[in-house]
**Q** 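I have a structure I would like to understand better, so I am pasting it below and will then ask my questions one at a time.
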Amino acid sequence: MEIIVALGIAVLTGSGVWLILRPRTFQVIIGLSLLSYAVNLFIFVMGWVRVGAAPFVSVGQAAPDPASFADPLPQALVLTAIVIAFATTALLLVVLLAARGLTGTDHVDGREPEQ
Amino acid sequence: MSQLFQHVVVIPILVPLLAGAMLLVIDEPRHRLKASFSVAAMLLLLLAAGALVARADAPVTHVYSLGDWAAPVGIVLVADRLAALMVLLTALLGLAALMFALARWHRAGPQFHALFQFLLAGLNGTFLTGDLFNLFVFFELLLAASYGLALHGSGTPRVRASLHYIVINLAASLLFLVGVSLLYGMAGTLNMADLAVRLPQLPAEDRALLEVGAATLAVAFLVKAGMWPLGFWLPATYTSSSAPAAAIFCILSKVGIYALVRVWFVVFSEGPGAELIAYGGMVTLVFGMVGMLGSQDLGRIASFSLVVSSGTLLATIGVGGSGVIAPALFYLVTSTLGTAALFLLVELIERSRAPGANLLAVTADAFNVGDAEAEPEEMVGVLIPATMSVLGLAFAFTTLLVAGLPPLPGFLAKFSMMAGVLGTPDVPAAAWLLLGLVILSGLAAVIALGRAGVRIFWADSGRIAPRVRLIEIMPVAGLVAACLALTVLAGPATNYLHQAGDALNPATNYIREILRSQ
């Protein structure tokens, strides 16, 4: 199970890093989204991959066995990170549009490279 | 009464947050109402910051459990001397930038005051928190507000620079998350005091991954601090942003250094990585020096002086460790106040430029054309307009501050830093290199700023007297006066800072007070 998650994080990170270094702003935004997917998966995995365990303790259990439920804290961290990334992606999209309108080009540096 | 008074720790976060929220509700054209709201919140914040600094002298570190949940599971706010000092610095800087903005800038774009208040809330939260993920959340709050403020006033150069700023800081935030989650995965806690307790007890095979997490976290902080090669975004962004935004951004680079100091000293008890920080800081110093000397534009010189101050701080902390925390904090305070005053001044001075003068200056220098051939007119008894003389005086003061020349506290800060670094029984070789670089950076600042000052105030007769309102020159005068007060009160200030530094490593009081609330 861990190897699948690790491969997924690796592919997402690699694609994200490659895209974020590209010269067009749309590629940069997609790269940032892929990177945030990868990082969110990574934070989730830091709660150690457990199959079939919900982050809840059932009612009436006096001394719950830690191995029977998943760590809820990384899941809460992931939720926070998703929300923050969502807001900043929206802001970045607006800035992308403003840059496109003001500079007339979608190149990251605001001007086309000299040929 | 002390029951109520204990809540003063959360005021620096709550008041700007509520004020910002309420400012969003007020209609956009009602500028005066928004401005008065904002100023009232600012003054409250200043009072609370002063109270925090006064109370931080109390024998125990004040710990505030949010929601009354006990640490280490609950999030705590800790107002020790370092945090209180940074909150006070933020309040002073915020007041100066806000006063300056009230002249014209607050009407230049939508929601200036709300963004400003959110930025202050994020800054204060970063300084006061005792939990690593809470640090991330407040970091994001202050970064989001700073994106808005960097774009304030719009225009092509601003949007172009802000695009780079936003993308780079988003990537740095992702690195922050990776580092924090690695630390959590290895140690099992996010509370900084609890981390400090658990770290020595970790099995050896976990240490490697933990140190990877710490290094990733440090990279995120250093991007914010502007260390070479992570800080290329800094000069472009700070030069192109509006003057009040640039003034408050002066403390944003210090947030990275604060976070580094807090995590490195409290959590890791000055673990590995000192050489990297030291040499990285020195390279940053050199980069800033070269930038200062190579800039034509006064705004760029100011941005590069910020890079120089970041580099000096990083290098000193790396070389000297916990022994030089107090002088480093003194330097942090004086350089922040000085650079902020410089940014505000730059905008006032730019108004005096004759139209097209920038282009003429570059072409004249490049083609060696100019006054050398023309007959200089006999100028007898030319009166310097009052505005220009006040600006010139303020510019001279900020040059002394930034360069680190007596009698202003920039000199005292640099001197005590170097004395601390060279005062240990066995002086590392890097300390001599640092001494040379710090002296050279002062020389570079004098050359760059002096050249600009001569060109602006003495040589160029084509300048028009700028229209400067009192409310715009008051913040500059106030910041310079604060620095002069620091020179006079350097003794008590250094005592306070020594106590702040002693509480960091070993951070026994800090840890004990936080974990005691269990």
**Q** side-chain hydrogen bond (donor to acceptor under 3.5 Å, both in side chains) for B:S146 and B:Y165? Distances and angles first, verdict last.
**A** CA-CA 10 Å; B:S146 76; B:Y165 175 55; 2.8 Å; yes
**Q** Please lay out, stage by stage, how B:T239 and B:S303 fare under the test side-chain hydrogen bond (donor to acceptor under 3.5 Å, both in side chains).
**A** CA-CA 6 Å; B:T239 315; B:S303 312; 3.0 Å; yes
**Q** For A:D71, is it the side chain, the backbone, both, or neither that has a heavy atom closer than 4.5 Å to a heavy atom of chain B?
**A**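 Only the side chain of A:D71 comes within 4.5 Å of chain B.
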**Q** Do the non-hydrogen side-chain atoms of B:F133 and B:Y184 ever get within less than 4.5 Å of each other?
**A**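 Side chain of B:F133 against side chain of B:Y184, heavy atoms only: no contact under 4.5 Å found.
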**Q** Side chain from CB out, backbone as N, CA, C, O: work out which of these in B:L175 comes under 4.5 Å of a heavy atom of chain A, or both, or neither.
**A**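 When you check distances to chain A, no heavy atom of B:L175 falls under 4.5 Å.
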**Q** Taking the six-membered ring for Trp, is the centroid-to-centroid distance between B:F287 and B:F232 below 6.0 Å?
**A**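 Here the rings of B:F232 and B:F287 have centres that are less than 6.0 Å from each other.
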**Q** When the aromatic ring centroids of B:F138 and B:F127 are compared, is their separation below 6.0 Å?
**A**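 Not under 6.0 Å, so no.
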**Q** Among A:V45, A:V95, A:L35, who wins on heavy-atom pairs under 4.5 Å with chain B?
**A**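 That would be A:V95.
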**Q** Among A:L73, A:L96, A:I29, which residue has the highest count of heavy-atom pairs closer than 4.5 Å to chain B?
**A**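 Of A:L73, A:L96, A:I29, A:L73 has the most heavy-atom pairs under 4.5 Å with chain B.
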**Q** A quick test of your reading: do over 12 heavy atoms of other residues, nucleotides or ligands sit less than 6.0 Å from OH of B:Y147?
**A**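 More than 12 heavy atoms, drawn from other residues, nucleotides or ligands, come within 6.0 Å of this atom.
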**Q** As an exercise: rank B:G185, B:P157, B:G188 by heavy-atom pairs under 4.5 Å with chain A and give me the winner.
**A**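 Option with the top pair count is B:G185.
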**Q** Go through A:T80, A:I84, A:L77 and name the one with the most non-hydrogen pairs under 4.5 angstrom from chain B.
**A**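 Top option by heavy-atom pairs under 4.5 Å: A:L77.
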**Q** Could you look at A:L91 and say if it's the side chain, the backbone, both or neither that has a heavy atom under 4.5 Å from chain B?
**A**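 It is the side chain, since no backbone atom gets that close.
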**Q** With a 4.5 angstrom heavy-atom cut-off, is it the side chain or the backbone of A:I43 that approaches chain B, or both, or neither?
**A**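 A:I43 touches chain B through backbone and side-chain heavy atoms alike.
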**Q** Would you call B:E140 and B:K224 a salt bridge, taking side-chain N to carboxylate O under 4.0 Å as the test?
**A**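 A salt bridge is absent here (no side-chain N lies under 4.0 Å from a carboxylate O).
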**Q** Could you measure the distance from the CG atom of B:D131 to the CG atom of B:L77? Nearest 0.5 Å is fine.
**A**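 B:D131 atom CG to B:L77 atom CG measures 10.0 Å (nearest 0.5 Å).
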**Q** Using ring centroids (six-membered ring only for Trp), state whether B:H106 and B:F112 fall under 6.0 Å.
**A**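 That pair fails the under 6.0 Å test.
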**Q** With only heavy atoms counted, which part of B:L163 is less than 4.5 Å from chain A, the side chain, the backbone, both or neither?
**A**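 Answer is both: backbone and side chain atoms of B:L163 are under 4.5 Å from chain A.
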**Q** Taking every non-hydrogen pair under 4.5 Å, which of A:P74, A:G16, A:G31, A:A98 racks up the most with chain B?
**A**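 Going by pairs under 4.5 Å, I would pick A:P74.
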**Q** Using non-hydrogen atoms only, which part of B:S154 is less than 4.5 Å away from chain A: side chain, backbone, both, or neither?
**A**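 Answer is side chain: those atoms of B:S154 sit under 4.5 Å from chain A.
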**Q** Could you tell me which portion of A:V108 (side chain, backbone, both or neither) has an atom closer than 4.5 angstrom to a non-hydrogen atom of chain B?
**A**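 Interface part for A:V108: both.
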**Q** Please flag which part of A:T25 lies under 4.5 Å from any non-hydrogen atom of chain B: side chain, backbone, both or neither.
**A**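 For A:T25, the side chain is the part near chain B, not the backbone.
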